[in-house]
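These notes are about the structure you will find just below.
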Amino acid sequence: MDPKIVEPTIFELSSHGRIGVTMPASDVPETALPPKDLLRSDLPLPELAEVDVVRHYMHLSKFNYSVDSGFYPLGSCTMKYNPKINEDTCRLPGFLFTHPLQPIETVQGNLALMYQLQEWLKEIAGFAGVTLQPAAGAHGEFTGVLMMRAYHKSRGDHKRMKMLIPDAAHGTNPASVGMLGMSVVTIPSDERGNVDLKALEAACDDTVVGMMLTNPNTLGMFDENIEKVIALVHKCGGLMYGDGANLNALLGIVRPGDLGFDVMHFNLHKTFAVPHGGGGPGVGPVGVAAHLVDFLPEPLVGILEEGEDDGETAPLFGYVKPAKTIGRMKAFNGHFGGGFVRSFTYIAMHGPDGLKDIAQYAVLNANYLQARLRSTYHIPYDRICMHEFVAEGRFEGSDVRALDIAKRLMDYNFHPPTNYFPLIVPEALMIEPTETENKDTLDAFADALIKIAEEAKSQPELLHNAPHITPFGRMDEVKAARELVLCCWLPEGYDTSA
Ligand SMILES: *Cc1c(COP(=O)(O)O)cnc(C)c1O
């Protein structure tokens, strides 16, 4: 399909003389305009009435698919539920109208909230210290690996420059390690989707910083040998880094710190209700075991003067500096309002039992979908999954690919799952329903995927040309990435290929 904009642009809607606002009469003396040669004459601003602008953008916004308009089964990105109460709490004036450079006596509430969030994250994942600073999961990885390296160096151990990373890992893991000038040793997965213990043992030596592991991994598999994996890494003097992006599956059930992980990042925008993607900033706090607490970034929020929370002798919260800190990782305190306040609200609202429910429903929903699709789609690592699973988007004797299936799902009004990741599954469709979806939605999604599998046999062209219901058809994704045009209006004669 030839991509066409079906909507007129705001410039095409413009009509000379239409006005959107009425300015009050000026109450200051008029001054002359700057000299003519400093004025622009080539800036064609659209002229429209207020209702035209509102309708235009409202109409465009309806072309967007969002978590608030339908099922969104992207795998390995987890949090798709953004409770609306969080929008109220993060806009409370006491949070909204404060500045991080205010004297601490005037922002005790904010500091108390950060302190409590640090404490809750420690408790949830079994760690001795937490920094809230990092701005995303990847930034948390960078922070965590910096602390691992500082730990080795502080013990006079300078030759550790290798990180062990399984082949199922998210791309940010090797990228973070690469940014620190270290090398990556890839560890294969075995046929059950676990870390291959023999390969791990062979790679472990005294040049290893440690290992970065997502558990459950991006296949949605809990590593059945996790204790052996961690023991092997520790035996050669390495530290164990947990990629906490998949923490939803474990909340209230298993604590990574108890398993022996030394460091782990949380993704508050995956597990703790901060809107994902364009909806808000990411937040990637990092938890550490006792032997790494001194290396945490500064400042942490701590209690400067003990007290009772009775209003009379309330504790005084303030900033503290860990003894061997790796330094500051982010301006001010990190993403306070959009991140910390929302996650605080979410954890407070659920309590320990509610958090455990989240994990149990996330796992139940994924296993239900997997069971419904198992006889139609090949599932290469087919055992009880955690919060997600990976199917192959291909059929014997058919040229239909995962991309065709993903695009066809849009015609059924579903957002496609993650595809072509993890890399170890050909034509991967990585499906994560999350804990908040009901059985009717899961069934409708499974029905659509089963129907699409039939279409793949009877009318493959329908899939090759999908989607059919969207304003744009199949994109040329390579061209879109190479010749990126981010604005809808271009000056006449602008050469997009330049
Ligand atoms: C999302 C994700 C990351 C990176 O987190 P960002 O917040 O997107 O930087 C790392 N590992 C896994 C498994 C993830 O799903």
One pair to check against side chain to side chain contact (heavy atoms under 4.5 Å, CB included): Phe266 and Leu247. What are the steps and the verdict?
CA-CA 7 Å; Phe266 305 77; Leu247 190 66; 3.7 Å; yes
Check: Pro216 main-chain N/O paired with Glu388 side-chain donor or acceptor under 3.5 Å:
no
Take His335 and Leu268 through the side chain to side chain contact (heavy atoms under 4.5 Å, CB included) test and state the conclusion after the steps.
CA-CA 10 Å; His335 293 149; Leu268 299 192; over 6 Å; no
Where is the tightest heavy-atom contact between Met264 and Ala125, given as atom of each residue plus distance?
CE-CB, 4.0 Å
Regarding Lys122 and Glu119, does a basic nitrogen lie under 4.0 Å from an acidic carboxylate oxygen?
yes
Hey, is CD on Glu87 packed in by over 12 heavy atoms from elsewhere, all under 6.0 Å?
yes
Between Glu455 and Arg408 (salt bridge meaning N to carboxylate O under 4.0 Å), is one present in this structure?
yes
Closest heavy-atom contact between Ile431 and Pro417?
CG1-CB, 3.8 Å
I'd like to check Met148 versus Val263 (side-chain heavy atoms, cut-off strictly below 4.5 Å). Are they in contact?
yes
Under 4.0 Å between a Lys/Arg side-chain N and an Asp/Glu carboxylate O for Lys321 and Asp294?
no
In short, Leu96 meets Cys90 closest at the heavy-atom pair CD1-O, 4.1 Å
Kindly compute the distance separating CG (Leu13) from CG (Leu48), expressed to the nearest 0.5 Å.
6.0 Å
The single option from Phe445, Tyr412, Tyr81 passing ring-ring contact (aromatic ring centres under 6.0 Å, His included) against Phe71
Phe445
Taken to the nearest 0.5 Å, the spacing of His350 NE2 from Thr345 OG1 works out to 11.5 Å
Short side-chain to backbone donor-acceptor contact, Asp411 and His468, under 3.5 Å
yes
Within 6.0 Å of CE in Met179, more than 12 heavy atoms from elsewhere
no
Heavy-atom pair with the smallest gap, counting every atom of Met430 and Pro422
CE-CD, 4.0 Å
Is the shortest side-chain heavy-atom distance between Thr214 and Pro166 below 4.5 Å?
no
Where the side chain of Gln118 meets the backbone of Val301, is there a donor-acceptor pair that is under 3.5 Å apart?
yes
Determine yes or no for a side-chain-to-main-chain donor-acceptor pair under 3.5 angstrom, with Glu305 supplying the side chain and Leu316 the backbone.
no
Can you classify the ring geometry of His99 versus Phe332 as parallel (below 30°), tilted (30 to 60°) or perpendicular (above 60°)?
perpendicular
Is the shortest distance from a Lys or Arg side-chain nitrogen in Glu47 or Arg18 to a carboxylate oxygen in the other one below 4.0 Å?
no
Does a side chain donor of either Thr106 or Gln102 reach within less than 3.5 Å of an acceptor in the other side chain?
yes
More than 12 heavy atoms of other residues, nucleotides or ligands under 6.0 Å from CZ of Arg55: is that the case?
no
Any chance you could measure Asn465, atom CG, to Leu463, atom CG, to the nearest 0.5 Å?
9.5 Å
Got Asp404 and Arg401 here, is their nearest side-chain heavy-atom distance under 4.5 Å?
yes
Can a side-chain donor-acceptor contact be found between Thr89 and Asn86 if the only test is distance below 3.5 angstrom?
no
Looking only at atom types and distance, does a side-chain atom of Thr313 sit under 3.5 Å from a main-chain N or O of Gly307, one as donor and one as acceptor?
no
Side-chain donor/acceptor of Thr186 to backbone N/O of Asp167, under 3.5 Å
no
Can you say whether the rings of Phe340 and Phe336 are parallel (under 30°), tilted (30 to 60°) or perpendicular (over 60°)?
perpendicular
Apply side chain to side chain contact (heavy atoms under 4.5 Å, CB included) to residues Arg474 and Leu403 and explain how you reach the verdict.
CA-CA 10 Å; Arg474 188 74 66 103; Leu403 186 68; 3.7 Å; yes
Any chance NZ of Lys36 has more than 12 other-residue heavy atoms, nucleotides or ligands included, within less than 6.0 Å?
no
Should Asp399 and His464 be marked as a side chain to side chain contact (heavy atoms under 4.5 Å, CB included) after you check the CA-CA gap, both sets of side-chain angles, and the distance that decides it?
CA-CA 9 Å; Asp399 62 351; His464 291 318; 3.0 Å; yes
Are Asp157 and Arg160 within salt-bridge range, i.e. N to O under 4.0 Å?
yes
Is the backbone N or O of Asp52 less than 3.5 Å from a side-chain atom of His56, with the two atoms forming a donor-acceptor pair by type?
no
Among Asn246, Leu251, Ile347, find the residue that satisfies the side chain to side chain contact (heavy atoms under 4.5 Å, CB included) test when tested with Thr271.
Leu251
Do side-chain atoms of Glu12 reach the backbone of Thr9 as a donor and acceptor pair under 3.5 angstrom?
yes
Side chains of Thr434 and Asn365: does their closest heavy-atom pair fall under 4.5 Å?
no
Minimal non-hydrogen separation, Gly339 against Val274, with atom names:
O-CG2, 3.6 Å
Any donor-acceptor pair under 3.5 Å linking the side-chain atoms of Asn248 with those of His387?
no
Side-chain heavy atoms of Pro315 within contact of Phe317, under 4.5 Å:
yes
As an exercise, state the distance from OH of Tyr346 to CG of Leu355, rounded to the nearest 0.5 Å.
7.5 Å
State, yes or no, whether a side-chain contact exists between Arg149 and Leu180 at a heavy-atom distance under 4.5 Å.
yes
Students often mix this up, so state it plainly: with edges at 30° and 60°, are the rings of Tyr151 and Phe295 parallel, tilted or perpendicular?
perpendicular
First locate atom CG of Leu423, then atom OG1 of Thr218, and finally report the distance between them rounded to the nearest 0.5 Å.
8.5 Å
Backbone N or O of Ser66 within a donor-acceptor pair of the Ser69 side chain at under 3.5 Å?
yes
Does Leu300 reach the side chain of Leu296, with side-chain heavy atoms less than 4.5 Å apart?
yes
Taken to the nearest 0.5 Å, the spacing of His276 NE2 from Tyr72 OH works out to 9.5 Å
Would you say the side chain of Asp262 lies within less than 4.5 Å of the side chain of Tyr241, judging by non-hydrogen atoms?
no
What one should report as the nearest heavy-atom pair of Ala448 and Phe414 is CB-CE1, 3.8 Å
Which label fits His415 and Tyr65: parallel for a plane angle under 30°, tilted from 30 to 60°, or perpendicular past 60°?
tilted
For Phe272, the option from Val283, Asn267, Leu121 that meets side chain to side chain contact (heavy atoms under 4.5 Å, CB included):
Leu121
If you count the non-hydrogen atoms of other residues, nucleotides and ligands that lie under 6.0 Å from CD1 in Ile85, is the total more than 12?
no
Establish, from distance only, whether the side-chain atoms of Glu141 and Thr172 form a donor-acceptor pair under 3.5 Å.
yes
Indicate yes or no for a side-chain donor-acceptor contact from Ser14 to the backbone of Pro46 under 3.5 Å, with no hydrogens or angles considered.
no
